[in-house]
Each structure stands twice: as C-alpha cells, then as structure tokens.
> 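One structure is given below, represented as structure tokens, and several questions about it will come after.
Numbers for residues simply follow the sequence, beginning at 1.
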Amino acid sequence: DAEFVFKGRQTLKKGTYTLKGWVYIADGAELTIEPGTVIKGDKTTKAALITERGGRLIAKGTAEEPIVFTSAQPKGMRRPGDWGGVILCGKAENNQQEMQIEGGPRTRHGGSDNADNSGILSYVRIEFAGYPFATDKEINGLTLGSIGSGTQVDHIQVSYSNDDSFEWFGGTVSAKYLVAYKGWDDD
C-alpha cells in the first residue's frame with residue numbers, strides 16, 4: 001500500500017489530478033484545492049485523502065465550479081468502492097476520548113478542542129468511493145472524526161459509496177446542505 005505524508009502548504013491549481021495510495025495531510029500542513037478541480041481516485045491503490053489532527057484541507061468549490069472526487073476508471077466503468085474516500089480527523093470531543101479512525105489508516109482523532117478547524121469542504125462532490133478493508137473497518141465516502149466547530153462543511157454530495165455516504169465519529173462541526181445518493185450502506 002502506497003502512503004504519502006504531505007507537509008507544508010500547497011495549492012492544487014484548477015485541473016484534473018490522479019490520487020494514488022493513501023495521502024495524509026500531516027499536523028500543521030495545509031492543502032488547498034481550487035474550484036473546478038477533479039481528483040480521480042486510483043482503483044488499484046484504493047486511494048484516500050486523509051487529513052490528520054492539526055492538518056487542514058481547504059476544498060472550497062462553488063456552485064458553478066464544484067470540486068469533484070471521483071473514480072479514475074473510465075466513464076461507464078465506474079463503480080462504488082473504486083477508491084477509498086475522504087477522511088477528516090480533528091481534535092474535538094467524542095465519547096471515547098482519543099481513538100483510531102475507522103478504515104485502516106494510522107490516523108487518530110479526538111481531544112478537547114471543540115473549536116478545532118480541520119479546514120473547509122464546500123461545494124464538493126464525492127462519488128464511487130467507500131472501501132471496506134474488513135468488517136467494521138471501512139473508509140466511507142466522507143468520514144468525519146472529531147471535527148471541530150471551526151471547520152466548514154456544507155454543500156456536499158456523496159454518491160454511489162460502497163459503504164456509508166457520510167459517517168461521523170463525535171465532533172462539534174455544524175454541517176449543512178448534505179446530499180447522500182445511492183450509498184450501499186447507510187446514507
């Protein structure tokens with residue numbers, strides 16, 4: 001399994017990119033994705049984008065130019081579970097203190113900072129994700145582990161996930177305008 005730990009600050013300019021393996025946005029790092037960008041998750045490596053506690057993902061699309069996370073498979077060949085998904089981990093409270101995020105990644109979440117900021121997900125579409133590594137160890141379309149109220153999560157559509165469309169583990173984020181469409185487990 002390929003892993004890459006991203007440190008520092010970087011902006012992905014509007015374009016089309018392929019995500020391979022598990023890419024971690026480390027504590028103190030910030031990845032910004034410009035509106036209109038398409039990120040295609042690699043099927044062979046079950047690609048996933050994982051924001052660790054203290055890292056920030058800034059994916060602020062617009063209604064006219066959403067950010068799309070999709071399968072790298074050709075159109076017409078895309079299926080639920082083609083790639084892993086998007087995971088945000090924060091430092092807010094949950095009912096079990098600090099815990100490992102579901103799905104296999106090394107990342108932990110939880111703490112006592114309920115105002116924690118893991119970034120922005122706005123006008124984002126996630127499709128054909130969700131990979132079950134083992135029973136009760138799945139990467140969902142969008143997994144939110146102890147995300148704090150400083151994080152912006154709105155206008156998100158998760159479609160055709162092989163597991164849950166959205167799954168929360170604690171946290172204090174106020175998400176709004178969420179659409180779950182045809183997930184294979186819980187929407």
> Stepwise, does the side-chain contact (heavy atoms from CB on, under 4.5 Å) test hold for Asn94 with Met99?
CA-CA 9 Å; Asn94 64 59; Met99 58 191 293; 3.8 Å; yes
> With clusters defined by side-chain heavy atoms of hydrophobic residues (ILVMFWY) lying less than 4.5 Å apart, directly or transitively, does Val23 cluster with Leu144?
yes
> Decide yes or no on side-chain hydrogen bond (donor to acceptor under 3.5 Å, both in side chains) for Glu167 and Thr143, but give the supporting numbers first.
CA-CA 5 Å; Glu167 188 163 2; Thr143 305; 5.9 Å; no
> Can you find a pair of side-chain heavy atoms, one from Ile39 and one from Leu12, that are under 4.5 Å apart?
yes
> Flag the pair Lys14 and Glu65 as a salt bridge only when some basic side-chain nitrogen lies within less than 4.0 angstrom of an acidic carboxylate oxygen.
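So Lys14 pairs with Glu65 through a salt bridge.
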> Please round to the nearest 0.5 Å and tell me the distance separating atom OG1 of Thr51 and atom CG of Leu121.
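It comes to 8.0 Å.
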> Could you check whether any side-chain heavy atom of Val173 comes within less than 4.5 Å of a side-chain heavy atom of Trp168, counting everything from C-beta outward?
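When only atoms from C-beta onward are counted, Trp168 and Val173 do touch, with a gap below 4.5 Å.
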> For a side-chain contact (heavy atoms from CB on, under 4.5 Å) check, start with the C-alpha distance between Arg53 and Arg108, then their side-chain angles and the critical distance, and finish with the verdict.
CA-CA 7 Å; Arg53 288 186 296 187; Arg108 300 185 68 75; 3.8 Å; yes
> Report, as yes or no, whether the 6.0 Å neighbourhood of atom OH on Tyr17 holds more than 12 heavy atoms from other residues, nucleotides or ligands.
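Above 12, so yes.
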> Do Asp42 and Thr18 have a side chain donor and acceptor closer than 3.5 Å?
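Side-chain D/A pair, Asp42 to Thr18: absent.
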> How close do Ser161 and Asn140 get, counting heavy atoms only, and between which atoms?
OG-C, 4.3 Å
> How long is the gap from CD on Glu52 to SG on Cys89, to the nearest 0.5 Å?
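Answer for the CD-SG pair, Glu52 versus Cys89, is 7.5 Å.
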> Do you reckon Leu178 sits in the same ILVMFWY cluster as Val68, going by side-chain contacts under 4.5 Å, direct or chained?
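In one cluster with Leu178: Val68, no.
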> Nearest 0.5 Å, what's the NZ-OG1 distance between Lys75 and Thr70?
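Separation between the atoms: 9.0 Å.
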> For residues Tyr24 and Arg106, determine if any side-chain heavy atom of one lies less than 4.5 Å from a side-chain heavy atom of the other.
yes
> Would you say Tyr177 and Ile156 make side-chain contact, with heavy atoms under 4.5 Å?
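Sidechains of Ile156 and Tyr177: no contact.
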> Go through it in stages, so that I can follow the logic: the residues are Thr11 and Glu34, the test is side-chain contact (heavy atoms from CB on, under 4.5 Å), and I'd like the CA-CA distance, side-chain angles, deciding distance and then a yes or no.
CA-CA 7 Å; Thr11 298; Glu34 289 190 342; 3.9 Å; yes
> Kindly compute the distance separating CD (Glu98) from OG (Ser112), expressed to the nearest 0.5 Å.
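Rounded to the nearest 0.5 Å, the CD-OG separation comes out at 11.0 Å.
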> Which atoms form the tightest heavy-atom contact between Ala48 and Gly84, and what is the distance?
CB-CA, 4.3 Å
> Before accepting this row, confirm whether a basic side-chain N of the pair Lys176/Asp154 lies closer than 4.0 Å to the acidic partner's carboxylate O.
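The answer is no: the pair does not qualify as a salt bridge.
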> Taking all non-hydrogen atoms of both residues into account, name the closest pair between Ala115 and Ser149 and its distance.
CA-OG, 3.4 Å
> State, to 0.1 Å, how close Ser71 and Arg78 come at their nearest heavy-atom pair, and which atoms those are.
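So the minimum-distance heavy-atom pair works out to O-NE, 3.3 Å.
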> With side-chain contact (heavy atoms from CB on, under 4.5 Å) as the criterion, how do Trp83 and Ile139 come out once you've worked through the C-alpha distance, each side chain's angles and the decisive distance to 0.1 Å?
CA-CA 9 Å; Trp83 64 288; Ile139 294 182; over 6 Å; no
> Any chain of hydrophobic side-chain contacts (each under 4.5 Å) joining Val38 to Leu31?
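No, Val38 and Leu31 fall in different hydrophobic clusters.
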> With heavy-atom distances below 4.5 Å as the criterion, would you say the side chains of Phe69 and Glu127 are in contact?
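No; the side chains remain at least 4.5 Å from each other.
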> Ring centres of Tyr160 and Tyr181 under 6.0 Å apart?
yes
> Test of understanding: clusters of I, L, V, M, F, W, Y form through side-chain heavy atoms closer than 4.5 Å, transitively. Do Leu19 and Leu57 belong to the same one?
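Result: yes, single cluster for both.
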> Can you tell me how far OG of Ser159 sits from CZ of Arg125, rounded to the nearest 0.5 angstrom?
7.5 Å
> Does Ile25 belong to the same Ile/Leu/Val/Met/Phe/Trp/Tyr cluster as Ile58, with side-chain heavy atoms less than 4.5 Å apart forming each link?
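No, it is not one cluster - the side chains of Ile25 and Ile58 are not joined through contacts under 4.5 Å.
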> How far does CD1 of Ile147 sit from CG of Asn117, to the nearest 0.5 angstrom?
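Rounded to the nearest 0.5 Å, the CD1-CG separation comes out at 9.5 Å.
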> Closest heavy-atom contact between Arg9 and Glu30?
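Minimum heavy-atom separation between Arg9 and Glu30: NH2-OE2, 3.1 Å.
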> Decide whether Tyr123 and His155 meet the rule of one side-chain donor and one side-chain acceptor closer than 3.5 Å.
yes
> Please examine the side chains of Ile101 and Ile87, heavy atoms only from C-beta on, and report whether any two atoms are closer than 4.5 Å.
yes
